[in-house]
Amino acid sequence: LSGAKLVASAADKPDLESGRVSYRPDMPPAPPVRVDRVVGEGGRVRIGDTELTAHMTPGHTRGCTSWSLRTLENGRPLDVLFACSLTVAGQPLVGDKLYPGAAADFRKTFAKLRKMKADIFLNFHPGFFDLEEKRQRLARGDMAAFIDPGELQRQVAWAEKAFEAELARQQAEAGKK
């Protein structure tokens, strides 16, 4: 409705354009949208003076894409990462014929993110990075409320631990069948 261009990864494009997650029949449909541009690893998108860089971080979806940018705060360069969701969120990890590489994709994503650095970590789910608390701190005058160079690694460690627990649960369940 806004006329904005939609940029997506090649792996997510078919699902966005069909309105259905092809490998998750349990997910409700959404209105189909047209992808205007496909982006891959290292692809860049410019919005005004801001340039975003795409990082393929599949697992949550086949084409999950995280975005990074560099900004200046009072002349100090800061690296920002908008991380795609790192949660399993009901994704089958064992014996799934529709997305058999999900577990391997999650592991590659965790390995990739462990090598990255971010002074500011953001996520598509506000609760995963305490957005409300950070906004309140900012409102109280804490201009560094979002700056935490260790948060990315803590988030990856938390997500990887949750992933491994869910994988073990699914493996145990599959072993009972």
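Sequential numbering from 1 along the given sequence is applied to the chain's residues.
- Linking ILVMFWY residues whenever their side-chain heavy atoms come closer than 4.5 Å, directly or via other members, places V156 and V88 in the same cluster.
- With no hydrogens or angles considered, a side-chain donor-acceptor pair links S68 and H55 at under 3.5 Å.
- Looking at S66, its side chain never comes within 3.5 Å of a backbone N or O of A83 through a donor-acceptor pair.
- Across P92 and R24, no two heavy atoms sit closer than the pair CD-CD, 4.0 Å.
- Between E132 and P126, every side-chain heavy-atom pair lies at or beyond the 4.5 Å cut-off.
- Ion pairing of R34 with D36 is present here, as a side-chain N (NZ or NE/NH1/NH2) and a carboxylate O approach within less than 4.0 Å.
- Ring pair F129/F121 is perpendicular by interplanar angle, where above 60° counts as perpendicular and below 30° as parallel.
- In K108, the NZ atom is not crowded: 12 or fewer heavy atoms of neighbouring residues, nucleotides or ligands sit closer than 6.0 Å.
- Tested against L113 for a side chain to side chain contact (heavy atoms under 4.5 Å, CB included), the candidates K117, K115, M116 yield a single pass: M116.
- No hydrogens or angles considered: nothing links the side chains of D142 and Q136 as a donor-acceptor pair under 3.5 Å.
- The backbone N or O of L86 sits nowhere less than 3.5 Å from a side-chain atom of H60 that would complete a donor-acceptor pair.
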Salt bridge (charged side-chain N to carboxylate O under 4.0 Å, His left out) between E151 and K134, intermediate numbers included: CA-CA 13 Å; E151 186 169 12; K134 290 174 182 174; 2.6 Å; yes

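- Between the T65 side chain and the G63 main chain, a donor and an acceptor come within less than 3.5 Å of each other.
- Side chains of W67 and T57 form no contact here, defined as non-hydrogen atoms less than 4.5 Å apart.
- The hydrophobic cluster containing W158 does not contain F163, counting ILVMFWY residues as joined when their side-chain heavy atoms lie under 4.5 angstrom apart, directly or transitively.
- Separating the CE atom in M56 from the OG atom in S9 is a distance of 5.5 Å, to the nearest 0.5 Å.
- Screening D119, L122, D79, L81 against L152 for a side chain to side chain contact (heavy atoms under 4.5 Å, CB included) leaves a single residue, L81.
- Tracing side-chain contacts under 4.5 Å through hydrophobic residues (I, L, V, M, F, W, Y), one reaches I120 starting from L131; they form part of the same cluster.
- Surrounding CZ of R114 are more than 12 heavy atoms belonging to other residues, nucleotides or ligands, all under 6.0 Å away.
- Side chains of L138 and M143 form a contact here, defined as non-hydrogen atoms less than 4.5 Å apart.
- With T109 contributing its side chain and P58 its backbone, the two residues share a donor-acceptor pair below 3.5 Å.
- Residues I147 and L78 are in side-chain contact: their nearest non-hydrogen atoms beyond the backbone lie under 4.5 Å apart.
- Only one option out of D12, D15, D105 pairs with T61 in a side-chain hydrogen bond (donor to acceptor under 3.5 Å, both in side chains); it is D12.
- A side chain to side chain contact (heavy atoms under 4.5 Å, CB included) with E173 is found for one member of K176, Q171, Q170 and no other, namely K176.
- E17 contributes no side-chain N or O that, together with a main-chain N or O of P32, makes up a donor-acceptor pair within less than 3.5 Å.
- By the 4.5 Å heavy-atom criterion applied to side chains, Q91 and E166 are not counted as neighbours.
- In terms of hydrophobic clustering, with Ile, Leu, Val, Met, Phe, Trp and Tyr side chains grouped at heavy-atom distances under 4.5 Å, I47 and V80 are assigned to a common cluster.
- In this structure, F110 is a member of the same hydrophobic cluster as L93, with clusters built from ILVMFWY side-chain heavy atoms closer than 4.5 Å.
- Around the CZ atom of R20, the shell of radius 6.0 Å holds no more than 12 heavy atoms that belong to other residues, nucleotides or ligands.
- Using a 4.5 Å heavy-atom threshold, the side chains of V94 and L167 count as touching.
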Chi angles and distances behind the side-chain contact (heavy atoms from CB on, under 4.5 Å) call for R135, F146: CA-CA 8 Å; R135 290 179 70 195; F146 284 83; 4.2 Å; yes

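- A salt bridge links R107 with E164: at least one charged nitrogen is closer than 4.0 Å to a carboxylate oxygen.
- Between Y23 and Y99, the two ring planes are perpendicular [angle over 60°; tilted spans 30° to 60°].
- Between F124 and F82, the ring centre distance reaches or exceeds 6.0 Å.
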